[in-house]
Visitor: 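Here it is: the structure, laid out below.
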Amino acid sequence: MPHYRNVGRYPPKRHIHWCGPKGLPLVEELLGDDGFDGESSLLYHSYDPAGVQAIAPWEPPSTATCSSAPHAAVHFPRRPAPEDGTTTDAVRHRVMLVGGASLRVWRAVATGASPLYRNATADECAYVESGTARLHTSMGNLDVGPGDLVVVPAGVVHAWHPSPGEGPEPAPAADPGRRTPPAAGDTAPPLRLTLFEAAGRIGPPARYVSPHGLLLEASPYCERDLRYPHAPEAVEGTAATVLTRHGSHGTAITYRHHPFDVVGWTGTLYPYVLNIADCEPVNARLHAPPPVHQVFSMPGGDLIAFTPRLLEYHPLAVKVPYQHVNLGGDELLLFADGDFSSRTESGVRKGSVAVFPPGIPHGPPPGLSEATRDHRETAEWTLLLDGHERLEPGLDALPMLDPGYPLTW
């Protein structure tokens, strides 16, 4: 994230000898992007974070794709909950829906806590579809719930712990006009996540940020809408194993000391949360293109949130998107919440994911343009990944596909 934060205990100057709460010297660790020239944070550990006790292979969820799949729209219905008694977690049991050169999209249905996990080469942004969880990280904890976008930079050790019915605490100064987040009442287990993994930074697009790292007036959200870790856990004690993904490969690394032994940190690179209900919508006289509703940018695509808003007000305005062809890459739609009755015949429901490949016209179903001429507002919550590269279906996701979807137009 572009603006600077300081949390917990830390020295008055960088790179000096400094003792922690127990009177022992702290060990400074730089978490840095782009060598030493990009965003970074300094973490202060009670013990050496580089002390490795054991290394073993770990087979992470597959990133294999099916390049021979038909060039047509695809539909992934919402995954069913695991059978009673089956424990799944958000790290080892995620399934890749689509993947490309720099971007992958995963889904996870979690009933139990995940192991410690680090993505060494890519940022991750998890959208919480339903359920609640506490995300434990080396920089502090985050309580999350429906509608939250949870950004975890590469290199940050974390673990997903479903926490039924708890979710985030209300803001100290509650906004009386704040919209209810999508699926706000859907806090029962399991925890459902859609995860975007990008080989680079995930964050606000450059046009939203000043040269000094502040979110501009043109941004649909500001720093007050973001939630951050407020205190590191400062865990003491024993060795801990971290499942580490590096590209398509994995390694289980056991450290002599727990990576959550951090007592403080400062910098601009850290996990944070934005709920899409806090993204202010853009209204226009005629239909505006999706990028006006952009939330984040990432290598390989842009993440866009369509939230409830007033519709276009030209007397002859078409209230739904026009049919269009994306030539730069795939488009992926996650139908998060709201009224999808216009798409019932296509099989789309809450939690559905649809993917539209490049070069193929797509848009609203027949008759919807005329049927919505008198509508004044929309109640849908939808995420769009506007891809800039080709995304192939994941092999493990092929059994989830709805084969009849391309014929529903």
Side-chain angles (χ1 to χ4, degrees), residues 1 5 7-8 29 31-33 39-45 49 58 60-61 88-94 104 106-128 131-145 148-163 166-168 191-203 226-235 239-246 250-255 257-265 267-274 296 298:
M1 195 56 198
R5 293 186 63 79
V7 174
E29 175 196 10
L31 178 68
D33 183 31
E39 296 177 28
S40 66
S41 285
L42 286 166
L43 286 71
Y44 294 90
H45 293 263
W58 169 54
T88 57
D89 67 65
V91 170
R92 294 173 298 180
H93 302 103
R94 59 179 64 175
R104 299 173 183 141
W106 306 79
R107 296 198 98 170
V109 181
T111 60
S114 77
L116 294 174
Y117 169 69
R118 170 191 274 135
N119 194 323
T121 55
D123 280 12
E124 295 189 4
C125 174
Y127 177 73
V128 182
T132 55
R134 172 164 287 182
L135 180 69
H136 294 260
T137 85
S138 55
M139 306 177 83
N141 301 331
L142 290 163
D143 291 323
V144 301
D148 280 339
L149 288 167
V150 188
V151 178
V152 182
V156 174
V157 179
H158 61 282
W160 289 94
H161 286 216
S163 53
E166 296 182 13
L191 173 69
R192 295 181 181 273
L193 303 174
T194 295
L195 302 107
F196 304 90
E197 179 192 3
R201 290 277 76 83
I202 298 176
L226 306 177
R227 308 201 307 272
Y228 319 93
H230 289 293
E233 291 193 48
V235 171
T241 299
V242 179
L243 301 183
T244 304
R245 174 180 280 279
H246 38 101
T251 304
I253 305 175
T254 301
Y255 294 92
H257 299 283
H258 201 290
F260 290 1
D261 67 340
V262 175
V263 300
W265 58 270
T268 60
L269 196 59
Y270 46 81
Y272 62 93
V273 180
L274 170 67
F296 293 142
M298 63 187 76

Visitor: Under the side-chain contact (heavy atoms from CB on, under 4.5 Å) rule, what do Val7 and Met139 come out as? Steps first, then yes or no, please.
Guide: CA-CA 8 Å; Val7 174; Met139 306 177 83; over 6 Å; no
Visitor: If you take all heavy atoms of Pro61 and Trp58, which pair is closest and at what distance?
Guide: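 Looking at all heavy atoms of both residues, the closest pair is CD-CZ2, 4.1 Å.
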Visitor: How long is the span from the CG atom in Leu243 to the CZ atom in Arg118, to the nearest 0.5 Å?
Guide: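 It comes to 11.5 Å.
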Visitor: Say whether, by atom type as modelled, one donor and one acceptor occur between the side chain of Asp123 and the main chain of Ala154 under 3.5 angstrom.
Guide: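 Side chain of Asp123 to backbone of Ala154: a pair is present.
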Visitor: Between His258 and Glu233, is a side-chain contact (heavy atoms from CB on, under 4.5 Å) present by the stated rule, with each step listed?
Guide: CA-CA 11 Å; His258 201 290; Glu233 291 193 48; over 6 Å; no
Visitor: Identify which one of Thr137, Val242, Val91 satisfies the side-chain contact (heavy atoms from CB on, under 4.5 Å) criterion when paired with Leu116.
Guide: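 Checked Thr137, Val242, Val91 against Leu116; only one passes side-chain contact (heavy atoms from CB on, under 4.5 Å): Val242.
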Visitor: Run through Asn141, Asp143, Val152 and flag the one making a side-chain contact (heavy atoms from CB on, under 4.5 Å) with Leu135.
Guide: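 For Leu135, the side-chain contact (heavy atoms from CB on, under 4.5 Å) check succeeds only for Val152.
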Visitor: Under 3.5 Å, side chain of Ser41 to main-chain N/O of Leu269, donor-acceptor pair present?
Guide: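 Yes, because the side chain of Ser41 sits within donor-acceptor range (under 3.5 Å) of the backbone of Leu269.
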Visitor: For Gly145, does its backbone N or O pair with a side-chain atom of Thr132 as donor and acceptor, under 3.5 Å?
Guide: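 No: the side chain of Thr132 does not pair with the backbone of Gly145.
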Visitor: With heavy-atom distances below 4.5 Å as the criterion, would you say the side chains of Glu197 and Arg245 are in contact?
Guide: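 With C-beta onward as the side chain, the pair touches.
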Visitor: For the backbone of Val109 and the side chain of Thr88, can you confirm whether one donor and one acceptor N or O come within less than 3.5 Å of each other?
Guide: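 Confirmed, Thr88 side chain pairs with Val109 backbone.
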Visitor: Is there side-chain contact between Arg201 and Pro153, with at least one heavy-atom pair below 4.5 Å?
Guide: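 Contact flag for Arg201/Pro153 side chains = yes.
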Visitor: Does the pair Phe296 and Leu274 meet the rule for a side-chain contact (heavy atoms from CB on, under 4.5 Å), with working shown?
Guide: CA-CA 10 Å; Phe296 293 142; Leu274 170 67; 4.1 Å; yes
Visitor: Which class fits the ring pair Phe260 and His136: parallel under 30°, tilted 30 to 60°, perpendicular over 60°?
Guide: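 Answer is parallel, since the angle falls under 30°.
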Visitor: Does the Ser114 side chain pair with the main chain of Trp160, one donor and one acceptor, at a distance under 3.5 Å?
Guide: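 Checked: pair present.
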Visitor: Enter the distance from Asp89:CG to His161:NE2 here, rounded to the nearest 0.5 Å.
Guide: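 Rounded to the nearest 0.5 Å, the CG-NE2 separation comes to 9.5 Å.
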Visitor: How close do Leu191 and Gly131 get, heavy atom to heavy atom, and via which atoms?
Guide: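 Closest approach of Leu191 to Gly131, heavy atoms only: CD1-C, 4.0 Å.
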Visitor: Distance check, rounded to the nearest 0.5 Å: Tyr127 atom OH versus Leu195 atom CG?
Guide: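 It is 12.5 Å, given to the nearest 0.5 Å.
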Visitor: How long is the gap from CG on Asp33 to OG on Ser40, to the nearest 0.5 Å?
Guide: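 Nearest 0.5 Å value for the CG-OG distance: 9.0 Å.
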Visitor: Over all heavy atoms of both residues, which pair between Arg227 and Val144 is shortest? Give the atoms and the distance, please.
Guide: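 Scanning both residues, the minimum pair turns out to be NH2-CA, 3.9 Å.
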Visitor: Charged N to carboxylate O under 4.0 angstrom, Arg94 versus Glu124?
Guide: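 Looking at Arg94 and Glu124, the cut-off is met.
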Visitor: Working to the nearest 0.5 angstrom, can you tell me the gap between Asp148 CG and Tyr272 OH?
Guide: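 That separation rounds to 12.5 Å.
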Visitor: Can you see which heavy atom on Pro259 is nearest to which on Ala240, and at what distance?
Guide: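 Looks like CD-CB, 3.9 Å.
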Visitor: Check whether any side-chain N or O of Thr251 sits under 3.5 Å from a backbone N or O of Ile253 as a donor-acceptor pair, and report yes or no.
Guide: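 Such a contact is absent between Thr251 side chain and Ile253 backbone.
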Visitor: Quick one: CH2 on Trp106 to OG1 on Thr194, what's the gap to the nearest 0.5 Å?
Guide: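 Separation between the atoms: 13.0 Å.
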Visitor: Ignoring hydrogens, what is the shortest heavy-atom contact between Gly264 and Pro232? Give both atom names and the distance.
Guide: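 Looking at all heavy atoms of both residues, the shortest contact is N-CG, 3.9 Å.
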Visitor: What is the minimum heavy-atom distance between Leu142 and Pro229, and which atoms define it?
Guide: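 In this case the closest contact between Leu142 and Pro229 is CD2-N, 3.6 Å.
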Visitor: Just do the side-chain contact (heavy atoms from CB on, under 4.5 Å) check on Glu29 and Trp265 with the steps written out, would you?
Guide: CA-CA 9 Å; Glu29 175 196 10; Trp265 58 270; over 6 Å; no
